[in-house]
Amino acid sequence: MQVALGVSPWDGDGTAVSGRRSVDPLRRRLAEPQVTALPPRMAASPLPPPDPRFVLRGTQSAVHALHFFGGAQGQGHPLLLSGSLSGLVHIWSLQTRRPVAILDGHQGQCVTWLQTLPQGHQLLSQGRDLKLCLWDLAEGRNAVVDSMHLESMGFCRSSVLTRGQGKWMLAMPGSGSDEVQILEMPSKTSVCTLKPEADAKPGMPMCLELWQAESSPRPLLLAGYEDGSVALWDVSERKVCSRVACHTEPVMGFGFDSQKARGVSGSAEKALAVWSLDEQQALQVCKTHELTNPGIADVKIRPDRKILATAGWDHRVRVFHWRTMKPLAVLSFHSATVHCVAFATDGLLAAGSGDQRISIWSLYPISSDSSTSSLGHVEHREVGAHALA
Amino acid sequence: MDPAVSAVRVAVREAVHTLSSCEDGDRVLSTLGSLKRYLSGAESPAPPGEQEEFARVHFAAVLRCLAGRLSPGWLELGADDGLEELCASFFLEGPADQAFLVLMESIEGAAGPSFRLMKTAQLLARFLGAGRMAAVMEGQCRRLGEPASPLLQETLLTKVVGLPDRLANRLQRENLDAFLPQNYFPLLAEEMVRVLQAVVDSLRGAVTLCPSLLVPPNLEFMLFSLHPSPPTVPHRPEVLSRLLGNLVIKNKKAQFVMTRKLLFLQYHHSVRARTPMLQSLLGYLAADSQRRPLLVQALKGLLETWGSASAIRHAPLEQQRYLSKAVLICLARLGEAELRDSRDELLASLMAGVKSRLDSSLPVVRRLGMIVAETASARLHPEGPPLRFQYEEDELSREMLALAAPPPADDSPVEARPDVPLPCRLGPVAETKTKRSIGWGDDELVPYDMSGDQELKRSKAPTYVRDCLEALTSCEDWGRWEAALRALEGLVIRNPAAAREVSVELAKVLLHLEEKTCVEGFEGLRQRALVAVVVTDPAPVAEYLTTQFYALNFSLRQRMDILDVLTLAAQELSRPGRLPKAPQCGPPGPAPPPGSTVAPAWRTVVEERIRSKTRRFSKGSARRGRDAGPNQFNVVAGYFFFPLLRHFDRPLVTFDLLGDDQLVLGRLAHTLGALMCLAVNTAVAVPMGKALLEFVWTLRFHGDAYVRRGLLSAVSSVLLSVPGEQLLADLPDELLEARSWLADVAERDSDEDCRTLAIQALLLLEKLRDRLLALAAP
């Protein structure tokens with residue numbers, strides 16, 4: 001009988017793995033304690049391109065949606081939710097790096113959007129089976145408690161806005177091809193349908209974001225359209241406050257910083273557009289940033305508003321400095337289109353790709369020193385307030 | 001006759017006789033003691049008249065006799081009583097110039113390494129260490145009344161200046177530190193300063209001295225001692241000006257030393273010291289309006305040498321580099337008007353030089369030509385369109401271009417130097433830093449390296465060799481064209497059968513392929529694809545390529561590509577273990593080798609049984625030694641080799657190997673050598689070696705260093721590849737001829753690489769001979 005002394009990477013813990021002579025870099029990273037090293041400041045030559053902190057495999061199909069859940073509120077370890085092309089939602093523990101649960105509620109159709117609700121352990125998932133499911137995840141349950149039918153066949157992801165007292169507002173693509181429907185949840189009352197004026201012809205909505213300035217209770221909706229324009233809707237008045245053409249191709253995703261009243265959008269074309277809202281609630285393009293390869297599938301700004309990440313059709317994740325739009329890193333790990341990126345509140349970055357892998361990156365750690373950022377808050381809150389006056 | 005004179009003579013004669021023949025230690029000691037009386041500063045000195053007579057006439061004879069007796073046995077005679085010390089005191093305390101001359105004489109006269117030589121050398125080192133060189137020089141200055149004989153002075157001067165060289169020649173590896181130029185010349189300079197100081201002091205003290213004796217004849221040795229010693233003497237033109245004044249104009253010899261000898265020949269210093277020396281020399285010439293014509297003249301001379309075809313061919317590379325630097329510095333130091341006056345002359349020699357330099361097959365020579373031509377034409381023809389060559393920037397070009405920049409205003413010598421105190425230079429930096437930290441508080445995010453962010457290729461690569469061929473010949477979609485080029489090598493390797501069907505056609509297409517769009521790494525891709533094609537189907541493709549090598553309508557680039565491809569393909573073919581890899585990885589081969597048809601059944605049973613009974617702690621990767629296989633190059637080496645030799649002496653309209661296209665000839669020689677080397681252990685090695693030696697023989701006196709290098713490496717590869725017995729049996733005459741040629745090259749060739757290669761080949765020959773002798777002996 002033959003005895004193999006080499007330790008299988010799958011049994012034992014990480015320390016056993018690190019005892020081996022040649023470990024592949026990813027696994028070695030797995031074995032390392034989770035210490036994020038500060039990049040040296042005075043580096044004469046640029047830092048070598050970073051490697052992922054770790055990689056989650058096992059979705060068995062392309063990853064189309066990512067969402068971080070928990071962690072910062074002190075309710076246990078953070079989880080990462082991923083939605084795949086095969087209709088499954090994986091819930092990953094970031095501690096064990098294994099799926100905790102797998103939710104199957106979309107009849108094998110692609111899951112395009114995932115969002116947790118602040119109260120309870122509730123998850124919203126949107127799928128290409130034209131259903132929006134509400135999951136109850138509390139205490140290990142994983143059951144669909146509610147579901148809604150979507151009218152739109154498009155790829156537009158929905159958006160929610162928490163209104164307090166267990167109520168929230170939902171924006172989702174409506175029945176007409178260019179419409180956005182607003183619902184009051186959890187009662188599912190349709191509040192209104194936002195339909196562009198007849199001569200505008202912006203095409204389908206591609207991405208939505210509901211938000212609310214802190215100074216004003218009125219909900220606002222930013223929508224990116226098929227013709228490359230971004231529009232700001234005043235939901236209660238059901239009218240477009242302002243619309244600006246940012247791209248010549250459909251807007252695929254945008255990130256919006258409500259405190260600075262500034263957003264960045266990516267499209268099928270070869271550039272990012274940065275736009276801002278002025279005091280009259282008018283959108284204007286500040287600048288565009290040329291990219292190496294065309295196609296941006298998703299844009300997210302980190303919660304501390306220092307950096308932003310884009311998911312590229314060129315298999316790469318790009319990281320920019322949010323205020324200056326200075327390129328900081330090009331993360332090339334994936335071998336297929338990156339469909340989505342997500343930031344956790346602690347700064348972790350996740351990217352999901354068509355190569356069925358989810359890469360987790362830890363770049364530019366969020367500093368614990370919050371004095372400068374709170375200064376920034378005050379400064380930009382004022383701008384935001386002006387914008388809504 | 002003066003009684004003192006005769007008394008001294010008698011005493012000395014007797015003493016010399018005793019010293020040279022007596023073996024009794026006490027007598028020797030007493031004789032030396034009596035002689036010592038004649039030296040100044042002795043305890044009971046002889047009368048001054050006798051001292052003077054001794055110093056003038058007899059001292060040298062005594063010293064010579066002493067130097068001749070320095071042997072272990074003789075020194076043993078009085079070892080206890082300090083005989084050696086006593087001897088040394090004669091050398092160190094007597095008249096310095098004579099002592100110095102005798103020491104040098106006896107060192108140079110020594111037949112070979114011996115006790116006496118070492119003792120004398122140590123004595124000389126002590127002489128230097130005791131500061132006696134100052135005494136030598138002072139002695140020359142103090143000769144008043146009787147004029148020193150110019151001959152003696154000349155000899156002294158030569159010996160003083162040439163001391164390091166002479167000692168190094170004599171002592172070889174036993175040389176002492178004190179005699180190394182870097183130690184000796186600073187010492188000499190210090191002593192000179194001391195002497196000058198003494199001269200000045202004595203002038204002030206109104207003692208009549210003759211300083212003129214010191215300065216002019218010592219010029220040369222001043223110069224020599226100044227330039228090789230960077231640490232002690234600052235390399236500044238102004239220092240040189242102060243020291244020499246306008247001597248160059250007045251003194252023919254000085255002029256020759258400054259404008260010819262130092263400028264053209266003194267390139268042997270350390271690399272570090274070379275440029276500063278040129279700078280100070282040319283700066284000195286430029287510093288005064290009276291000397292500037294000399295600078296123009298120097299530039300003319302420099303450019304003429306720089307541009308002469310024979311100098312390019314025969315001068316060592318170091319010297320060429322040195323000359324080029326000198327030209328650039330001259331140009332930088334000369335004004336517009338001065339240049340304009342002799343523009344035509346300068347341009348003529350420049351253009352001739354550029355042409356012959358660009359023709360050279362050595363990259364460094366070409367590079368020097370380009371750099372100098374660019375700078376010089378910009379200075380000589382400022383109004384014309386700038387001349388630009390394509391060359392990659394490297395250390396050499398940066399250094400050269402820095403020299404071409406006009407020098408900083410040297411009038412403020414100290415302040416303008418870079419050794420300014422640090423704080424005042426830090427000022428602006430600190431300022432910007434604070435500005436940053438105020439305005440850009442959160443900007444401390446350091447970007448990562450993003451150089452890998454390239455454009456993604458979207459074109460789909462062809463999957464069949466024929467598709468590639470079609471895409472490369474008739475495609476207008478550049479994405480597809482590029483993808484085909486990138487995929488081709490892999491496809492050819494993976495589908496050898498399909499590639500063989502179109503191999504020659506593929507080779508033709510690839511050979512004529514032009515870079516129509518900018519494709520990164522185009523040359524490499526094309527070359528690798530061609531190599532893959534040749535490896536897949538060696539005979540026909542190699543035949544095609546070798547005929548094309550001598551065909552009419554090809555560029556030199558293409559011809560050299562052919563040579564490179566042939567070498568690389570031969571290398572790949574002859575790589576051991578190239579083929580067995582495939583069957584080893586795959587499932588067990590369908591056809592077992594003919595000899596072992598019955599083996600498997602019982603062997604597997606036995607192996608299975610052993611495996612089941614064996615306990616293993618770890619299982620290494622099941623790696624067997626490389627399976628032996630036939631050298632694939634063996635069969636086809638002839639196709640690669642012989643056609644290349646066929647037409648090299650028949651010039652075409654577009655291609656003349658023996659004429660202008662010597663670069664290709666050099667490459668051809670290298671390629672043939674490489675092919676020969678790769679054909680080791682093959683059956684054709686012997687005829688190949690024979691043909692190659694003939695080829696080498698016809699070209700052995702080629703003027704181009706690159707060609708000669710190729711020929712020499714070809715000879716080496718013949719010696720390595722052809723079995724020794726065969727060599728001696730089949731090519732004895734060729735070997736003998738080659739040997740005398742190699743010995744000649746090793747000794748006389750102007751190119752250093754050639755000499756090294758020739759020595760290597762000679763060593764191989766020696767080894768071969770030794771081995772054969774050893775074989776024949778028992």
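Chain naming here is simple, since letters A, B, ... match the order of the sequence lines and numbering starts at 1 in each. Values below: every heavy atom of this structure, side chains too, minus hydrogens, waters and symmetry copies.
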- Within 6.0 angstrom of F522(B) CZ, more than 12 heavy atoms from elsewhere: yes
- Message: Can you confirm whether E290(A) is buried at CD, in the sense that more than 12 heavy atoms of other residues, nucleotides or ligands lie under 6.0 Å from that atom?
- Response: yes
- Could you give all pairs that pass the salt bridge (charged side-chain N to carboxylate O under 4.0 Å, His left out) test and reach residues 461-470 of chain B, with sequence neighbours left out? R466(B)-E501(B)
- Query: For the atom pair CD1 (I307(A)) and CG (L445(B)), what is the distance rounded to the nearest 0.5 Å?
  - Reply: 7.0 Å
- Item | Student check: side-chain heavy atoms of M450(B) and P49(A) closer than 4.5 Å | no
- Drop me the distance from Y448(B)'s OH to L331(A)'s CG, to the nearest 0.5 angstrom. 8.5 Å
- Query: Is chain B contacted by the side chain of T292(A), its backbone, both, or neither, given a heavy-atom distance below 4.5 Å?
  - Reply: both
- Quick one: closest heavy-atom pair of P447(B) and P327(A), and the distance? CB-O, 3.8 Å
- Task: Provide the closest heavy-atom pair for Y364(A) versus V446(B) in the form atom of the first, atom of the second, distance.
- Result: OH-O, 2.5 Å
- Query: Got a sec, which residues hit side-chain hydrogen bond (donor to acceptor under 3.5 Å, both in side chains) with Y391(B), two or more places apart in sequence or on another chain?
  - Reply: E374(B)
